[in-house]
**Student:** 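What follows is a single structure, and I will ask about it in a moment.
Worth saying up front: this structure is predicted, and the values here are computed from it rather than measured. In listed order, ligands and their atoms are each counted from 1.
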Amino acid sequence: MYLIENFGSNVFNDSVMKNALPKEVYASLRRTIDRGAPFDPAIASTVANAMKDFAVSKGATHFTHWFQPLTGLTAEKHDSFLTPSGDRAILQLSGRDLIVGEPDASSFPSGGTRATSAARGYTAWDPTSPAFVKEGTLYIPTVFVSYTGETLDKKAPLLKSMTALDTQAKRLLRLFGIECGKVSTTVGPEQEYFLIDEKVYNAREDLILTGRTLFGARATRGQELEDYYFSSLKTRIAAYMHDLDETLWSYGVFAKTKHNEVAPAQHELAPIFTTTNIAVDQNQLTMEIMKKVAKKHGLVCLLHEKPFEGINGSGKHNNWSLSTDTGLNLLDPGEDPERDPRFLLILSCVIAAVDTYQGILRASVASAGNDHRLGADEAPPAIVSVYLGDQLGALVESIVKGGAYVPKKPVPGSIGVPSSPIFPIDTTDRNRTSPFAFTGNKFELRMLGSSASVADPNIVLNTIVAQAFSEAVDALAGAKDFGLACREYTEKLLKEHSRIIFNFNGYGPDWEKEAARRGLLNLKTTAEAALEFFKRENIAVFVRQGVYSEKEVVARANIMLENYIKTVSIEARTMLKMARRQIFPAVNGYLEELLEVIERKRAVNENLPLDADMVVAEKLSAQNEALMRAAEKLEGDLLSLPEGTKNAARAVSDVIIADMATLRVLADAMEPLCSSAHWPLPTYNEILYSVR
Ligand code: ADP
Ligand code: MG
């Protein structure tokens, strides 16, 4: 039975801090956490000591600065608490050890912001995200910067973007006479994943090296029966999820919802939302723990965006909102949004920001893995648009077109069974096809890939909305008639940016055409999307909001392109190896058997029918030949990638990916013809139905 007292038991959280720290120290630290007041170095050693005592009481012997370099993963380097004291050892964590670390930065991507010889990098404690104990080590969340002050991670810019938004949102609220200490963004990331048995995983080099299957004919049973979504959990999966929940709870992660997803072997976990930087840390921790707990259950958790062809891939939904420390959700439309100029202005600013900076919002979720999903009618299209739902959609339309607005109020609903309770029916329906959908009192950015760091799109969202707020304040501050000026400004924003609003089906070719007519971007690959970060106006918004310097934006775009090229190249090389060393010889082995049969049949009796043997043998010989030719072509193209990151990325998306597709089609066509005794890889049926 789960003991609720165990929730957060591994976290150095508020109540632990309050108990362990002297009153003034606690108050000073809270001011830093809650209000962003500068950290007082005088309290560092007291806090460090309390953290160490807590960690030791949980069995820890080591501590690590935990950071998020530009690989998109987390990094850690463990030091023990052991300190010599005479001929004995004592356990110690100094104030300095808590506040700064000096990991060698030279082996992390920097996108050219730092010469390899200048290896110094610093990690600095982020007191706003709680430290925790995991597997005998105290984890201290940190940001990671270079000797010259450039950020080398995803955390520092995220915190800067949150500060920018806080500053601008408070300015905007002040126009409406609202004072508050802090405006925070909140995020609840819903996480999709696959679980397969470790036996089939271990038998596939592609899964091991790239996280996805590079070959594999479609399963004979996919998701066509639509019988898997929300279906009852298999015992082994239920045991995994239970274990996962309990582990996550011990780290203070509010894992709330779990269910089977659309594709066979696919599942989802949703936590309760929290402040963005904590949500980012917790999502990284969640992904890591999902994999570790799977191992304990003889399973492998796949977080790749497209592990299998022919069935849905996995994404992540970034539920995003803004709230004040006084408990006001700035995206809550309330009862009468039409009579709430503050809500309408904020909504218009978000819409304007998403339209103006649609390119970088799209680019923030681009990766080799996610390119397989966006626009493939299983996830939102690669075109950014905003869905407002019926109620707000009608309201905004009435403002843009000048017509009357008839409020659509929630009506009491009943499911039509006499004894069932009456409940209010939502005024917005769900629209699964929209990349950025208003859902009640938050926006849901649905374009993220399942393995992505949640930091990237939130850095962009916070920055562009901060920019829109600051422009609004500049335009409205000092207006003689504020009410009128605000109404006019809101109307102007909505009129200028209404092209980004799309309340209908985002799948399919019709919307692509319509979006092109509206002049919206449709950036289908990472190679195209990343270029958005090099554009003047896009760099400018980061610089203006103090989130990135120009050098930092360009560095990140370069890393993104390099990562894309490297990821696809690894996939291509793995395909070559599997095609030549596994598939080609296996098919030849089966051919040999077939030819032997043909020869023997002929020897025994000239009249024995041979048609079937001959047809299969002919098909397989021809396809196996073609397979090797396709492999030659892929290898040649890989070796002749052009110079320069942008050109190489373009060649990868135009040439290498097409070569890989050709190679795959040939192998996948042979799989159903080849005997199962010879086929060298577990099939889709075997993988997707491996957990029983
Ligand atoms: P749905 O199931 O309709 O997508 P839910 O209400 O279940 O929506 O919420 C989905 C996710 O959105 C959850 O992680 C939830 O915690 C999160 N969420 C709810 N309100 C907010 C908010 N104000 N800010 C950020 N995330 C939120
Ligand atoms: Mg959702």
**Student:** When you look for heavy atoms under 4.0 Å from ligand 1, do you find them on the side chain of E190, its backbone, both, or neither?
**Tutor:** side chain
**Student:** If we set the cut-off at 4.0 Å for heavy atoms, which region of T257 has an atom near ligand 1: side chain, backbone, both, or neither?
**Tutor:** neither
**Student:** Please list, in number order, the atoms of ligand 1 under 4.0 Å from a heavy atom of S321.
**Tutor:** 22 (C), 23 (N), 24 (N)
**Student:** Salt-bridged, K442 to D332, with N to O below 4.0 Å?
**Tutor:** no
**Student:** Run the numbers for me: atoms of ligand 1, each under 4.0 Å from some heavy atom of N329, listed by number.
**Tutor:** 23 (N)
**Student:** Run the salt-bridge test on K18 and D14 with the 4.0 Å N-O cut-off and return the result as yes or no.
**Tutor:** no
**Student:** In plain terms, say whether K155 and D281 are close enough for a salt bridge, that is, a side-chain N and a carboxylate O under 4.0 Å apart.
**Tutor:** yes
**Student:** Between G188, P271, S184, flag the one that comes closest to atom 13 (C) of ligand 1 by a heavy atom.
**Tutor:** P271
**Student:** Between K292 and E288, is the closest basic N to carboxylate O distance under 4.0 Å?
**Tutor:** yes
**Student:** Would E552 and R556 pass as an ion pair if we require N to O under 4.0 Å?
**Tutor:** no
**Student:** If you count the atoms of ligand 1 from 1 in the order shown, which ones are under 4.0 Å from a heavy atom of I272?
**Tutor:** 16 (O)
**Student:** When you check the gap from the basic side-chain N to the acidic O, do E512 and K524 get nearer than 4.0 Å?
**Tutor:** yes
**Student:** For ligand 1 and F273, I'd like to know whether there is a polar contact (N/O to N/O, distance under 3.5 Å).
**Tutor:** yes
**Student:** Any N or O on N319 sitting closer than 3.5 Å to an N or O of ligand 1?
**Tutor:** yes
**Student:** So does E378 pair up with K306, basic N to acidic O under 4.0 Å?
**Tutor:** yes
**Student:** So, does T439 sit close enough to ligand 1 that a heavy atom of it is under 4.0 Å from the ligand?
**Tutor:** no
**Student:** For ligand 1, find out whether one of its N or O atoms is nearer than 3.5 Å to an N or O atom of T186.
**Tutor:** yes
